[in-house]
Amino acid sequence: MVPAERPQKILRAGRFGRRILFRRDVGSTNDWAKELAKTGAQEGTVVLAQIQMAGRGRLQRKWVSPKGGLWFSVVLRPRLKASGAPKIVFAASLAVAEVLREKYDLKTEVKWPNDVLVSGRKICGILAETTLKGDNIEYAVLGVGVNANFSVEEILPKPLKATSTSTQDKLRRKIRLESLLNALLKEFEIIYDQCMETGFASVLERWKAYAQFLGKRVSVNDQGETLSGMASDVDVDGALIVTLDDGKARRIVAGDIVFEKM
Ligand code: BT5
């Protein structure tokens with residue numbers, strides 16, 4: 001691990017990214033951001049790494065984080081109950097989907113609960129982790145990983161080659177990571193603020209415009225039980241509504257959806 005920290009030369013007018021710390025390699029930027037949050041780092045503090053040695057997904061899954069990707073985490077201090085945590089993930093995945101579409105013309109879609117896809121392949125994963133004080137969130141860290149300047153075929157391990165993509169694979173060129181980071185932070189800050197000020201319902205509507213999985217047949221694991229049905233909606237608490245074949249609706253709070261072959 002390279003201990004040196006240097007602020008990036010990115011001038012930002014907003015709160016998010018006013019302070020950006022960079023390391024060549026870290027275990028996980030989420031862990032680094034948590035350490036900073038624990039010792040009082042302000043909301044909007046960003047940590048960024050070139051490589052993560054122990055990048056994490058949900059449920060302690062591994063997030064492969066080679067050189068060329070954009071791996072960063074943001075310290076957040078939302079005034080939310082613990083149950084409001086999904087709002088952060090929706091705000092972030094909407095920001096990523098919009099920025100990749102508007103800036104690079106990539107046909108992004110979102111997949112419940114935390115993925116951004118292009119051509120059905122994962123280009124970005126998001127991991128929000130919260131630390132609670134009683135019923136409330138004391139602080140949260142939002143981790144974002146975007147596969148950017150590398151070829152998935154050349155770099156990612158075999159099982160991920162068929163399910164992942166990168167900006168380089170789609171655009172056939174490298175992009176400026178600082179410019180992507182800057183755009184993401186700007187957009188995320190606007191959407192996050194909107195979520196915190198009673199605007200979550202409209203953020204969710206915008207998110208649904210990218211949610212091509214809605215209306216499709218899926219199977220989803222709900223606490224050990226595999227359910228099949230149609231992904232019919234996402235409710236205001238961020239839960240997935242699956243309409244089962246017998247017409248009954250099931251509300252899924254956490255899980256992974258798999259598309260069923262027709
Ligand atoms: C996620 O989890 O998608 C959340 C990923 C969050 C990564 C960021 S990077 C910055 C910050 N620091 C961290 O340590 N993490 C965050 P989940 O939905 O559980 O998906 C994990 C699964 O995605 C793995 O089990 C693999 O199947 C797949 N995967 C791993 N690395 C990938 C990659 N680079 N591209 C596409 N898929 C990947």
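We count residues from 1, following the sequence as given. Numbering of ligands and ligand atoms starts at 1, following listing order.
Note on D237 versus R251: salt bridge recorded, some NZ/NE/NH1/NH2 to OD/OE distance being below 4.0 Å. Using a 4.0 Å cut-off between charged side-chain N and carboxylate O, E225 and R250 make a salt bridge. Salt bridge absent: K103 and E98 never bring a charged side-chain N and a carboxylate O closer than 4.0 Å. Checked for salt-bridge contact, E187 and R206 meet the test: a charged N lies under 4.0 Å from a carboxylate O. Here R217 pairs with E260 in a salt bridge; the nearest charged N to carboxylate O distance falls below 4.0 Å. Salt-bridge annotation for K67 and D25: absent, with no side-chain N of the basic residue lying under 4.0 Å from a carboxylate O of the acidic one. Using a 4.0 Å cut-off between charged side-chain N and carboxylate O, D31 and R56 make a salt bridge. Note on E35 versus K38: no salt bridge recorded, every NZ/NE/NH1/NH2 to OD/OE distance being 4.0 Å or above.
For ligand 1, the atoms sitting less than 4.0 Å from at least one non-hydrogen atom of S164 are 35 (N), 36 (C), 37 (N), numbered in the order shown with element in parentheses. Listed by number with element, the atoms of ligand 1 under 4.0 Å from a non-hydrogen atom of G55 are 14 (O). Atoms of ligand 1 lying under 4.0 Å from any heavy atom of N30, numbered from 1 in the order shown and given with element: 11 (C), 12 (N). Atom numbering of ligand 1 starts at 1 in the shown order; those under 4.0 Å from a heavy atom of T29 are 10 (C), 11 (C), 12 (N). Listed by atom number, the atoms of ligand 1 under 4.0 Å from S28 heavy atoms are 12 (N), 13 (C), 14 (O). Near G145, meaning under 4.0 Å from one of its heavy atoms, ligand 1 places the atoms 8 (C), 9 (S). Contact atoms of ligand 1 toward F72: 10 (C) (distance under 4.0 Å to a heavy atom of the residue).
Taking the ring centre of F259 as origin, the terminal cationic atom of K216 falls inside the region bounded by 6.0 Å and 45° from the ring axis.
Proximity of R58 to ligand 1, defined as any heavy-atom pair under 4.0 Å, is shared by backbone and side chain alike. Here V144 has backbone heavy atoms under 4.0 Å from ligand 1, and that is the only part of it that gets that close. Heavy atoms of K62 found under 4.0 angstrom from ligand 1 belong exclusively to the backbone.
Residue-to-ligand polar distances place R56 within reach of ligand 1: an N/O pair is separated by less than 3.5 Å. Looking at ligand 1, you'll find an N or O of N147 within less than 3.5 Å of one of its N or O atoms. Note: no N/O pair closer than 3.5 Å links L127 and ligand 1 by distance alone.
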Verdict with supporting geometry, Y192 and E43, side-chain hydrogen bond (donor to acceptor under 3.5 Å, both in side chains): CA-CA 12 Å; Y192 172 86; E43 177 162 88; 2.7 Å; yes
For K111 and S93, what are the C-alpha separation, side-chain angles and deciding distance, and is it a side-chain hydrogen bond (donor to acceptor under 3.5 Å, both in side chains)? CA-CA 9 Å; K111 182 178 166 209; S93 52; over 6 Å; no
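In this comparison of G27, G143, A128, G57, the heavy atom closest to atom 16 (C) of ligand 1 sits on G143. For atom 4 (C) of ligand 1, the nearest non-hydrogen atom from the set I126, V146, L70 comes from I126.
At the top of the distance list for atom 1 (C) of ligand 1, counting protein heavy atoms only, stands N114 ND2, 3.5 Å. Protein heavy atom in closest approach to atom 12 (N) of ligand 1: Q52 OE1, 2.9 Å. Here the heavy atom of the protein found nearest to atom 38 (C) of ligand 1 is W63 CZ3, 3.4 Å. When only non-hydrogen protein atoms are considered, atom 25 (O) of ligand 1 lies nearest to R61 CD, 3.5 Å. The protein heavy-atom contact nearest to atom 27 (O) of ligand 1 is L160 CD2, 3.5 Å. Regarding atom 31 (N) of ligand 1, its nearest protein heavy-atom neighbour is V64 N, 2.9 Å. Ranking the protein heavy atoms by distance from atom 22 (C) of ligand 1 puts K122 NZ, 4.2 Å first.
Aromatic ring orientation, F90 versus W207: perpendicular (interplanar angle above 60°, classes split at 30° and 60°).
Heavy-atom separations between S65 and ligand 1 are all 4.0 Å or longer.
In this structure, NZ in K81 is found 5.0 Å from CG in D135, a value given to the nearest 0.5 Å.
Exactly one residue among F22, W32, W71 makes a side chain to side chain contact (heavy atoms under 4.5 Å, CB included) with L48. That residue is F22.
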